2 protein chains.
Amino acid sequence: MAKESADVTRQRILHQCLPLFAAAGFDGVSMRQVATATGLTTAALYYHFPDKEQLFLAVVEDCFSQRVTPLMPGPKSPGDDPWAHLEAFVSAFVSLLVRVPSFQRLMQWVALDRDETRARQMTERVFEPFFLGVADLLPVTLGEEERHALTVSVMGLMVFPFETQVARQWLPGYKPPSQVSTQLVQHILKLLKAGVTG
Amino acid sequence: MAKESADVTRQRILHQCLPLFAAAGFDGVSMRQVATATGLTTAALYYHFPDKEQLFLAVVEDCFSQRVTPLMPGPKSPGDDPWAHLEAFVSAFVSLLVRVPSFQRLMQWVALDRDETRARQMTERVFEPFFLGVADLLPVTLGEEERHALTVSVMGLMVFPFETQVARQWLPGYKPPSQVSTQLVQHILKLLKAGVTG
DNA sequence: GTCTATACGTGGATAGAC
DNA sequence: GTCTATCCACGTATAGAC
């Protein structure tokens with residue numbers, strides 16, 4: 001491996017160890033595994049990142065900002081169909097969860113992290129803009145707490161089917177979300193528009 | 001510590017290390033920590049459980065079966081309000097998530113486990129009866145796949161607000177689920193009955 | 001049943017050569 | 001920038017006494 005610029009190597013490390021952390025989480029991946037996956041030694045890794053935690057945070061932040069930011073919809077215009085923006089976003093986000101399983105798994109790991117500092121950092125840099133973007137897609141008439149609750153519900157309806165794939169695979173009526181993503185989007189929108197009874 | 005029967009000690013271990021595994025997951029807890037928490041030595045732990053994995057599985061299974069089984073509602077009668085059973089169950093389950101945070105966190109950790117054997121075991125012994133019980137609460141007219149999708153949605157609406165507590169705590173409109181559990185239940189039921197526009 | 005003592009691997013991290 | 005070599009703490013797990 002010829003020497004390459006620090007920036008390039010750093011980015012390469014980030015991309016190549018993403019699947020590892022997505023699969024096994026922070027505690028489940030060793031620096032030696034990361035080294036093997038990137039074709040470097042642990043010593044070289046420590047040249048690019050001060051410690052394992054900073055490496056992990058960099059991986060998460062890189063993945064989130066690259067994937068989520070481009071998804072956020074533009075501002076609403078007054079004349080628009082109030083549902084059109086929401087449907088477009090739900091569709092795009094579900095599509096992301098299907099296309100990039102590592103992203104979805106990483107979200108799950110991050111949600112379990114109870115460290116105050118890391119949680120705050122993650123919220124500010126990636127979760128907050130995402131959350132507020134979704135909240136903006138909802139009807140303007142909602143109060144603050146109602147809007148918050150509904151935002152959580154919309155996110156849960158999109159994410160939870162992916163989080164529970166492994167556990168559901170032997171249950172009646174199961175199809176992998178990747179194979180029924182269109183139906184999933186329609187299911188969510190029907191529920192939001194009119195509830196169970198349609 | 002006087003000697004006690006193996007059964008009693010075993011049960012005590014299960015209860016005392018539940019909060020540890022709930023907080024940090026399988027990889028985040030060492031046998032030495034479990035030993036400290038239970039007032040035993042690691043050697044004594046290995047007298048009661050063959051290895052760490054079996055200990056963890058026993059903790060999960062004990063917690064789930066103790067908490068979830070008593071929650072499952074009885075069979076529906078023809079004359080009942082179709083929503084009453086569902087509301088009672090949602091209310092009881094949300095109440096469980098509030099009362100026993102360890103249970104909720106353990107669910108999250110288990111959902112991330114990708115080991116086929118463990119996943120299959122967990123599904124058969126605890127998740128399947130739960131899932132089918134929720135599915136039974138839904139309208140009889142639904143097709144199999146539609147029923148499955150809706151079951152996932154109902155579970156997601158209940159669980160996701162708890163899973164995302166840490167990340168949401170600084171966002172506008174946030175109140176801890178434990179302080180707004182009644183509103184959460186009403187929010188979920190309103191959504192299921194009639195969608196966003198109520 | 002529980003202890004003390006310990007084997008032995010693997011973890012994160014660093015020093016210093018090139 | 002990347003390597004080889006290494007330190008040392010901590011992980012799981014066991015042997016054998018009581």
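Computed from a predicted model, the values in this text were never measured in an experiment. Just so it is clear: chains get the letters A, B, ... in the order the sequence lines come, proteins before strands, and each one is counted from 1.
- The list of side-chain hydrogen bond (donor to acceptor under 3.5 Å, both in side chains) pairs with a residue in residues 125-138 of chain A, not counting sequence neighbours, reads A/Glu61-A/Arg125.
- Across all strands, A/Val29 comes closer than 4.0 Å only to sugar-phosphate atoms, never to a base (heavy-atom distances).
- In this structure, the nucleotide among D/dT6, C/dG1, D/dA15 sitting nearest to the side chain of B/Ala43 is D/dA15.
- Checked by atom type, the side-chain pair A/Gln104/A/Gln108 shows a donor-acceptor distance below 3.5 Å.
- Of the listed nucleotides (D/dT2, D/dA13, C/dG12), D/dA13 has the atom at the smallest distance from the side chain of B/Asp51.
- Set against D/dA13, D/dT2, C/dG12, the side chain of B/Thr42 has D/dA13 as its closest nucleotide.
- When each of B/Thr141, B/Leu142, B/Val134 is paired with B/Arg147, the side-chain contact (heavy atoms from CB on, under 4.5 Å) condition holds for B/Leu142 and for no other.
- The nucleotide whose nearest atom lies closest to any side-chain atom of A/Tyr46 is, among D/dT12, D/dT2, C/dT14, C/dT14.
- Across all strands shown, B/Ser30 has heavy atoms under 4.0 Å from sugar-phosphate atoms exclusively, and none from any base.
- With C/dT2, C/dG12, D/dC3 as the candidates, the nucleotide lying closest to the side chain of A/Leu40 is D/dC3.
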Hey, can you pull the donor-acceptor pairs under 3.5 Å for the side chains in residues 92-101 of chain A, sequence neighbours left out?
from    : atom 1 : to      : atom 2 : distance (Å)
A/Ser95 : OG     : A/Arg99 : NH1    : 2.7

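- With distances taken from any side-chain atom of A/Met31 to the nucleotides C/dG12, C/dT2, D/dA13, the minimum falls on C/dG12.
- Of the two residues near DNA chain C, B/Arg32 and B/Ala6, the one whose nearest nucleotide lies more 5' is B/Ala6.
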